[in-house]
Amino acid sequence: MSEVRVRIAPSPSGNLHVGTARTALFNYLFAKKNNGKFILRIEDTDAERTSQAYIDNIFDSLKALGLNWDEGPDVGGDYGPYTQSERFDIYPKYAQILLDKGFAYECFCTPEELEAEKEEATKNKKAYVYSKKCENLTEEEKEKLRKEGRKPALRFNIAKAQKAFHDSSILKFDDLVKGELHMDTDLLGDFVIMKSNGTPTYNFAVVIDDMLMKISHVIRGEDHISNTFKQILIFEALGAEVPRFGHLGMILAPDRSKLSKRHGATAVSEFVEKGYLTEALINFVALLGWSPSDGQEIKTVDEIAQDFRIGDVSSSNSIFEYDKLNWMNSHYIKMLPIEDLKERLKPYLTKYDLSELTDAQYTRMVEVTREPLTLLSDITDAVPYFFGGDKVEIEQKAQTEVLDTEVSQDVLKTFLKQAQDWNFDEETLHEKLEAFRAEYKEKGIKPKVTMWAIRAAVTGRTCGADMTAILAILGKEHSLARVKAAIK
RNA sequence: GCUCCCAUCGUCUAGAGGCCUAGGACAACACCCUUUCACGGUGUAGACGGGGAUUCGAAUUCCCCUGGGAGUACCA
């Protein structure tokens with residue numbers, strides 16, 4: 001086999017979708033595993049829907065996921081340009097070749113005529129196939145139409161290509177993930193390869209680019225299967241080597257419909273904004289259709305690449321469920337090096353004045369609050385009581401259920417008295433608090449009730465991080481001021 | 001409508017004729033740990049869509065049905 005060259009070819013008509021990210025991942029993994037090249041190509045032939053912001057988003061998202069490309073619009077390569085709109089001058093050349101070889105013909109049909117054909121087909125419950133009305137127009141007829149001001153589109157002659165390279169109308173190919181796939185090309189219909197405005201259609205541009213960029217394997221979603229048959233025929237008509245194809249099942253929403261806005265986030269960047277780690281996202285998405293041979297699901301992209309075989313990928317659709325992604329995200333949050341986590345959490349702490357804490361205090365705060373986080377953004381509501389000095393906002397529940405009780409008041413008074421003499425380092429606090437709880441336990445007060453009183457007074461809440469650590473981070477002065485304020 | 005693809009616990013999956021009284025992960029539930037919430041630990045429950053066929057033997061092969069998904073553009 002010659003060099004493995006795969007590509008991801010997103011259309012910048014939206015932010016990078018998780019589905020596209022997964023396709024990109026599988027291409028990347030395949031390239032890695034086979035010492036090949038991973039190429040990024042931007043398919044922006046539809047100027048209407050394209051925007052620079054989307055292009056930037058695609059670049060940024062792919063990079064954030066760690067899916068770095070070897071050739072692409074920004075890094076260049078030997079087969080550029082890698083943006084289709086910059087390649088418009090090369091498509092007509094190949095269209096002309098097909099025209100000369102008789103594999104394409106000019107079509108002067110108007111949208112209205114085409115529409116009528118379609119309606120007729122629907123009425124007769126037949127599959128719509130272009131009538132080939134324009135296949136055999138004479139030069140005079142074409143000239144006449146041209147004089148009327150009609151601009152022709154170019155259609156690919158399916159039957160002619162099929163007959164030239166295959167025995168029957170059935171076209172087959174061996175799919176990398178699904179095995180043999182087949183299609184009766186008589187049902188395909190002569191499709192447009194060059195629009196009347198002179199720009200190529202998707203199916204044509206893709207083939208020309210894949211051919212010129214020497215793409216060896218095309219790995220994409222199964223929504224492209226019917227395109228593949230058309231594309232194979234174009235490759236053959238051009239006398240080009242046909243790449244191998246592999247079609248992945250789709251990612252579906254929990255209701256089994258296409259994953260869309262109404263299901264929540266769809267773009268990688270939206271997941272990131274919500275507080276998902278790209279490491280977790282990419283790991284999760286890898287498990288949609290692929291599973292590790294050693295059963296170890298938490299893996300980096302490079303580790304997955306070692307174990308990856310395209311033939312092992314599941315050919316069925318899979319549903320994008322948040323449960324596992326959330327679990328994985330919290331797992332990654334727990335595993336992240338503390339310095340790294342401290343940085344990544346900062347965007348979600350902007351409502352607080354971080355300068356109130358020393359770096360050591362901030363570190364400790366993150367250490368003791370990271371456990372229950374599912375999303376990075378969960379940190380926002382997990383830490384308000386570390387800020388504000390002597391003052392803390394008391395939640396309703398903490399007031400009525402804890403602070404208003406007699407036991408709590410008693411605990412707080414005793415605590416205030418005793419703690420005056422304590423050193424507020426964690427080690428001391430740990431010992432003293434243990435003794436303190438024991439003291440109350442003797443009186444029949446459960447340890448957790450004792451701690452609840454202190455927690456409610458100091459944090460204004462009924463639950464939160466380890467109490468010893470909180471007191472140490474806050475320091476004696478702030479802690480006791482809060483306790484004092486809670487005593488009636 | 002037509003064409004194509006797919007089908008194991010709720011979800012992601014392991015399983016390539018006997019190793020399967022179907023394994024794992026997430027979620028659920030129970031218990032344990034515990035200064036709260038969590039984390040963690042230990043368990044429980046939970047699936048081969050249906051019907052035929054082949055075979056000594058089928059989750060695994062074949063056919064039909066059903067269900068789901070996709071395509072059907074001068075969009076990509």
Side-chain angles (χ1 to χ4, degrees), chain A residues 9-13 43-46 48-50 84 107 109-111 114-115 118 121-130 151-155 175 178 181-184 187-189 191-203 205-206 221-229 247 249-250 252 254 256-258 284 287-293 295-298 312 314-328 330-331 334 369-374 382 402 430 433-434 436-437 446-456 459 461-468:
Chain A
S11 166
S13 55
E43 308 211 327
D44 59 346
T45 52
D46 187 1
E48 290 281 308
R49 303 196 300 162
T50 296
Q84 279 184 336
C107 171
C109 291
T110 62
L114 264 14
E115 197 49 47
K118 262 176 237 174
T122 333
K123 214 175 73 188
N124 298 329
K125 301 195 172 183
K126 286 264 172 57
Y128 167 66
V129 187
Y130 174 62
K151 288 246 192 318
L154 237 52
R155 282 184 189 272
D175 191 272
K178 288 176 188 286
L181 259 28
H182 58 89
M183 177 66 146
D184 185 346
L187 268 17
L188 251 23
F191 57 98
V192 171
I193 55 174
M194 291 294 283
K195 304 177 200 172
S196 52
N197 68 8
T199 62
T201 59
Y202 164 76
N203 273 312
V206 166
E222 69 176 22
D223 48 337
H224 282 287
I225 290 179
S226 59
N227 288 327
T228 301
F229 295 98
H247 292 92
M250 313 258 68
L252 268 26
R256 293 182 184 279
S257 69
K258 215 172 182 175
F284 170 71
L287 260 22
L288 259 28
W290 176 85
S291 63
S293 58
Q296 177 56 49
E297 296 187 320
I298 302 287
D312 289 344
S314 160
S315 56
S316 49
N317 295 340
S318 41
I319 293 174
F320 191 103
E321 283 278 7
Y322 276 80
D323 281 341
K324 191 151 186 175
L325 172 61
N326 287 342
W327 166 76
M328 205 166 255
S330 66
H331 182 85
K334 288 182 196 79
T369 52
R370 78 196 305 193
E371 280 291 283
L373 301 181
T374 297
V402 183
H430 186 77
L433 242 18
E434 199 165 4
F436 187 78
R437 282 193 296 273
K446 285 183 187 161
K448 71 170 155 189
V449 173
T450 312
M451 294 307 286
W452 253 329
I454 299 171
R455 180 178 296 281
T459 72
R461 300 186 165 195
T462 51
C463 61
D466 176 70
M467 212 42 232
T468 311

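Because only heavy atoms are used, hydrogens play no part in the values below, and waters and symmetry mates are left out as well, while side chains stay in. Lettering of chains follows the sequences in order, A, B, ..., and the numbering in each one begins at 1.
One can place CZ of A/Arg455 at 7 Å from C1' of B/rU35, the figure rounded to the nearest angstrom. Atom pair A/Lys178:NZ and B/rC5:P shows a separation of 9 Å (rounding to whole Å applied). Here B/rA7 presents its P atom at 10 Å from CD of A/Glu222, a figure rounded to the nearest Å. One atom, CG of A/Asn326, and another, P of B/rA27, lie 9 Å apart when rounded to the nearest Å. Going from atom CE of A/Met250 over to atom P of B/rA70 covers 8 Å, rounded to whole Å. The separation between A/Trp327 atom CH2 and B/rA27 atom P is 8 Å, rounded to whole Å. Between A/Leu187 atom CG and B/rG1 atom P the separation is 16 Å, expressed in whole Å.
Remark: the separation of the P atoms in B/rA27 and B/rG41 is 12 Å, to the nearest Å. Between B/rA73 and B/rG17, the distance separating the two P atoms is 42 Å to the nearest Å. Straight-line distance between the P atoms of B/rA47 and B/rU8: roughly 14 Å, to the nearest whole Å. B/rG23 and B/rA14 have their P atoms separated by 15 Å, given to the nearest Å. To the nearest whole angstrom, the two C1' atoms, one in B/rC9 and one in B/rG15, are 14 Å apart. Only the P atoms considered, B/rG49 is 34 Å distant from B/rC31, to the nearest whole Å. Taking atom C1' on both B/rC12 and B/rG50, the two are 25 Å apart, rounded to the nearest angstrom. When the C1' atom is compared between B/rU66 and B/rG51, the two are found 10 Å apart, to the nearest whole Å.
Judged purely by distance below 3.5 Å, without hydrogens or angles, the side chains of A/Thr199 and A/Asn197 pair a donor atom with an acceptor atom.
Counting only heavy atoms from C-beta outward, the side chains of A/Glu115 and A/Pro111 never approach each other to under 4.5 Å. At least one side-chain heavy atom of A/Ile225 sits less than 4.5 Å from a side-chain heavy atom of A/Lys178.
Both A/Pro447 and A/Leu325 sit near RNA chain B, but only A/Leu325 has its closest nucleotide nearer the 5' end. Nearest-nucleotide positions on RNA chain B for A/Gly295 and A/His331 put A/Gly295 closer to the 5' end.
In this entry B/rA47 has no Watson-Crick or G-U wobble partner, no candidate having both defining distances under 3.5 Å. Using N1 to N3 plus N6-O4 or O6-N4 for Watson-Crick, or N1-O2 and O6-N3 for G-U wobble, each under 3.5 Å, B/rC2 pairs with B/rG71. Using the Watson-Crick or G-U wobble rule with both distances under 3.5 Å, B/rA7 pairs with B/rU66. Across every strand in view, B/rU55 sits unpaired, with no contact that passes the Watson-Crick or G-U test at under 3.5 angstrom. Base pairing of B/rA14: no nucleotide in any strand meets the Watson-Crick or G-U wobble criterion (both distances under 3.5 Å). Pairing partner, B/rU34: none, since no Watson-Crick or wobble contact has both distances short of 3.5 Å.
With sequence neighbours excluded, the residues that form a side-chain contact (heavy atoms from CB on, under 4.5 Å) with A/Asn326 are A/Tyr276, A/Tyr322, A/Thr374, A/Leu375. Take A/Glu43 and apply the side chain to side chain donor-acceptor pair (under 3.5 Å) test, not counting sequence neighbours, and it matches A/Arg41, A/Gln84. The side chain to side chain donor-acceptor pair (under 3.5 Å) test applied to A/Ser293 returns A/Asp307, not counting sequence neighbours. With sequence neighbours left out, A/Arg437 forms a salt bridge (Lys or Arg N to Asp or Glu O under 4.0 Å) with no residue at all. Take A/Phe436 and apply the ring-ring contact (aromatic ring centres under 6.0 Å, His included) test, not counting sequence neighbours, and it matches A/Phe415, A/Tyr440. For A/Asp323, the side chain to side chain donor-acceptor pair (under 3.5 Å) criterion is met by no residue, not counting sequence neighbours. With sequence neighbours left out, A/Asp223 forms a salt bridge (Lys or Arg N to Asp or Glu O under 4.0 Å) with no residue at all.
If you check every strand for non-hydrogen atoms under 4.0 Å, A/Met183 touches sugar and phosphate atoms only. At a threshold of 4.0 angstrom between heavy atoms, the contacts of A/Asn124 with the nucleic acid are absent. Heavy atoms of A/Leu188 sit nowhere under 4.0 angstrom from any nucleic acid atom. Counting any heavy atom pair closer than 4.0 Å across all strands shown, A/Lys446 reaches no nucleic acid atom.
Screening A/Asn227, A/Ile193, A/Thr45 against A/Tyr202 for a side-chain contact (heavy atoms from CB on, under 4.5 Å) leaves a single residue, A/Asn227. Tested against A/Ser318 for a side-chain contact (heavy atoms from CB on, under 4.5 Å), the candidates A/Leu287, A/Leu288, A/Leu252 yield a single pass: A/Leu288.
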Check nucleotides 37-39 of chain B against the protein and report each pair of N or O atoms closer than 3.5 Å, with its distance, or say if there are none.
residue : atom : partner  : partner atom : Å
B/rC39  : O4'  : A/Glu371 : OE1          : 3.4
B/rC39  : O2'  : A/Glu371 : OE1          : 3.0

Please produce a list of atom pairs where a protein N or O lies less than 3.5 Å from an N or O of nucleotides 43-47 of chain B.
none

I'd like a list of close polar pairs between nucleotides 32-34 of chain B and the protein, N/O only, cut-off under 3.5 Å.
none

Could you list all N or O pairs between the protein and nucleotides 10-16 of chain B that sit under 3.5 Å apart?
residue : atom : partner  : partner atom : Å
B/rU11  : OP1  : A/Arg256 : NH2          : 2.9
B/rC12  : OP1  : A/Ile319 : N            : 3.0
B/rC12  : O2'  : A/Leu287 : O            : 2.5
B/rU13  : OP1  : A/Gly289 : N            : 2.6
B/rU13  : O2'  : A/Ser291 : OG           : 3.4

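Judged purely by atom type and a 3.5 angstrom limit, A/Arg155 has no side-chain atom pairing as donor or acceptor with the backbone of A/Met194. A/Asn317 places a side-chain N or O within 3.5 Å of a backbone atom of A/Met250 that can act as its donor or acceptor partner. The main-chain N or O of A/Thr50 is never found under 3.5 Å from a side-chain atom of A/Asp44 such that the two would form a donor-acceptor pair. Of the possible donor and acceptor atoms, none in the side chain of A/Thr459 sits under 3.5 Å from a partner among the backbone N and O of A/Ala456. At least one donor-acceptor pair under 3.5 Å links the side chain of A/Trp452 to the backbone N or O of A/Thr462.
For B/rU36, its base never sits under 3.5 Å from the side chain of A/Asp466 at any donor and acceptor pair.
Its glycosidic angle being within 90° of 0, B/rC39 falls on the syn side.
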- Query: side chain to side chain contact (heavy atoms under 4.5 Å, CB included) between A/Tyr128 and A/Thr122: does it pass, once the steps are laid out?
  - Reply: CA-CA 7 Å; A/Tyr128 167 66; A/Thr122 333; over 6 Å; no

- Evaluate the criterion side chain to side chain contact (heavy atoms under 4.5 Å, CB included) for residue pair A/Leu154 and A/Val192; output intermediate values, then yes/no. CA-CA 6 Å; A/Leu154 237 52; A/Val192 171; 5.9 Å; no

- Using a cut-off of 4.0 Å between protein heavy atoms and nucleotide atoms, how would you tag nucleotides 71-76 of chain B 5' to 3' with B, S and -? S-SBBB

